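In what follows, a single structure is set out as structure tokens and then discussed.
Owing to the predicted nature of the structure, the values given are computational and were not obtained by experimental measurement. Because only heavy atoms are used, hydrogens play no part in the values below, and waters and symmetry mates are left out as well, while side chains stay in.
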Amino acid sequence: MAYTRKDVSTLTRTERRRFVNALLEIKRRGEYDEFVRTHIEYYVSDGEDGLRTAHMAPSFLPWHRRFLLDLEDALRRVDSSVTVPYWDWTKDRTTTSAPWTADLLGGTGRRSDHRVTTGPFAYGEGNWTLKVNVTDTEYLTRDLGRAADPLKLPARSDLEGALDDPVYDASPWDSTVRKGFRNKLEGWGTGRGSVSWRNHNRVHRWVGGAMVGGASVNDPVFWLHHAFVDLQWSRWQARHRGARYLPAEPPGRGSAQRGRVVARHERLPPWDVTPDALEDVDRIYRYA
């Protein structure tokens, strides 16, 4: 029977507590840090050699869908009532609304070093030390909205610009492509700095701190953000009936992307699963 992922702003006090407790428990067991390691390993840019699966590639969406399912499985082994909630950043847009409350993820970091000092994931609580990181920082950091150089979250119209595109992805299947739903949602735009950050990417930058870069999983908001991104894939599928993951076949000989992106029926590392198998998840979960 399919379970339901809810809007984080609608969670009851008990649901919030159970979600937080399950996260803290898998962190205590050492399971959570494995997720951080995996994301760092597969955070490969299109400027690097080799296969790209997690970012800057068509498999951005199925890769994170499977990643979310693995995290959710770990949480549900602790508490079977728990599912990953989603954060609708087109609706809850302030630094004090859900999920930034003391009983959920806590708030922004202090001005001096961006260290989070409120909520259950604050370093001072003793339950959330960063053990896997791209820096030597042991405490969770955030800079919600970038106080020194303000940045706004994407709006509903920004999402619509992605959802309206009827094609999933297009050649050259990387961060430079201007057509296709995938990159419009992932958010690699033109220009430099904040003007180039769209949708998914802009949210990572808006949160700041640990959410910028390959170790972004260190901030639990990563999962709420990607659950909302995953919801957009479901909405895009409903809007464009029959549209499928692309490329359907691997890029041909002579293509710079040959061996660098995953086609619809190819294995999606690190799992033994294909993008095709992850296009329909209604039997597993649904969104409220």
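Side chains of Leu68 and Arg5 form a contact here, defined as non-hydrogen atoms less than 4.5 Å apart. Contact check for Leu61 versus Leu185: side-chain heavy atoms found under the 4.5 Å cut-off. Side-chain contact check for Pro275 versus Val262: some heavy-atom pair is nearer than 4.5 Å.
For Lys131, the side-chain hydrogen bond (donor to acceptor under 3.5 Å, both in side chains) test picks out no residue, with sequence neighbours left out. A search for ring pair (Phe, Tyr, Trp, His ring centres under 6.0 Å) contacts involving Tyr245 returns Tyr168, not counting sequence neighbours. In terms of the salt bridge (Lys or Arg N to Asp or Glu O under 4.0 Å) criterion, residue partners of Arg77 (sequence neighbours excluded) are, by chain and number, Glu31.
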Which is it for Phe35 and His39 under the ring pair (Phe, Tyr, Trp, His ring centres under 6.0 Å) test, yes or no, and what are the steps along the way?
CA-CA 6 Å; Phe35 289 99; His39 194 261; over 10 Å; no

Decide ring pair (Phe, Tyr, Trp, His ring centres under 6.0 Å) for His226 and Phe67; before the verdict, give the C-alpha distance in whole Å, the side-chain angles of both, and the deciding distance to 0.1 Å.
CA-CA 10 Å; His226 274 277; Phe67 198 43; 8.3 Å; no

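No cation-pi contact links Arg202 to Trp197, judged by a cut-off of 6.0 Å to the six-membered ring centre and 45° from its axis.
Under a 3.5 Å cut-off, the side chain of Arg76 and the backbone N or O of Asp79 do not form any donor-acceptor pair. Judged by distance alone, the side chain of Arg93 and the main-chain N or O of Pro154 form a donor-acceptor pair under 3.5 Å. Although no hydrogens or angles enter the test, the distance criterion places no donor-acceptor pair under 3.5 Å between the side chain of Arg16 and the main chain of Asp103. At least one donor-acceptor pair closer than 3.5 Å links the side chain of His240 to the backbone N or O of Leu163. Judged by distance alone, the side chain of Asp46 and the main-chain N or O of Ser175 form a donor-acceptor pair under 3.5 Å. A donor-acceptor contact shorter than 3.5 Å links the side chain of Asn183 to the backbone of Val177. In this structure, Asn199 contributes its side chain and Asp158 its backbone to a donor-acceptor pair below 3.5 Å. Checked by atom type and distance alone, the side chain of Arg142 pairs as donor or acceptor with a backbone atom of Gly107 at under 3.5 Å.
Ala98 and Ser9 get closest at one heavy-atom pair: CB-CA, 3.9 Å. Closest approach of Thr117 to Ala122, counting heavy atoms only: C-CB, 3.6 Å. Taking both residues in full, the closest heavy atoms of Pro120 and Glu125 are given as O-CB, 4.1 Å, listed atom of the first, atom of the second, then distance. When all heavy atoms are compared, the tightest approach of Thr95 to Trp100 is O-CB, 3.4 Å. The shortest non-hydrogen separation linking Val84 to Glu72 is N-OE2, 2.9 Å. Minimum interatomic distance between Thr129 and Lys27 (heavy atoms only, all atoms of both residues): O-NZ, 2.8 Å.
No side-chain donor-acceptor contact under 3.5 Å links Thr12 and Thr14.
Both Val217 and Tyr86 are part of a single hydrophobic cluster, where members link through side-chain heavy atoms under 4.5 Å apart. Val44 and Ile40 fall into different hydrophobic clusters, where Ile, Leu, Val, Met, Phe, Trp and Tyr side chains are chained together by heavy-atom contacts under 4.5 Å.
Evaluation of the side-chain hydrogen bond (donor to acceptor under 3.5 Å, both in side chains) test over residues 228-238, restricted to residues two or more places apart or in two chains, returns Arg65-Asp230, Arg65-Ser234, Asp230-Tyr285, Asp230-Tyr287. Within the structure, the ring-ring contact (aromatic ring centres under 6.0 Å, His included) test picks out the following pairs touching residues 105-155 (sequence neighbours left out): Tyr32-Trp128, Phe121-Trp128. A ring-ring contact (aromatic ring centres under 6.0 Å, His included) check over residues 261-283, counting only residues at least two apart or in different chains, returns the pairs Trp63-Trp271.
Below 30°, between 30° and 60°, or above 60°: for His200 and His204 the angle between ring planes is above 60°, a perpendicular geometry.
Each of Arg178, Lys184, Lys179 was checked for a salt bridge (Lys or Arg N to Asp or Glu O under 4.0 Å) with Asp165, and the lone residue meeting it is Lys184.
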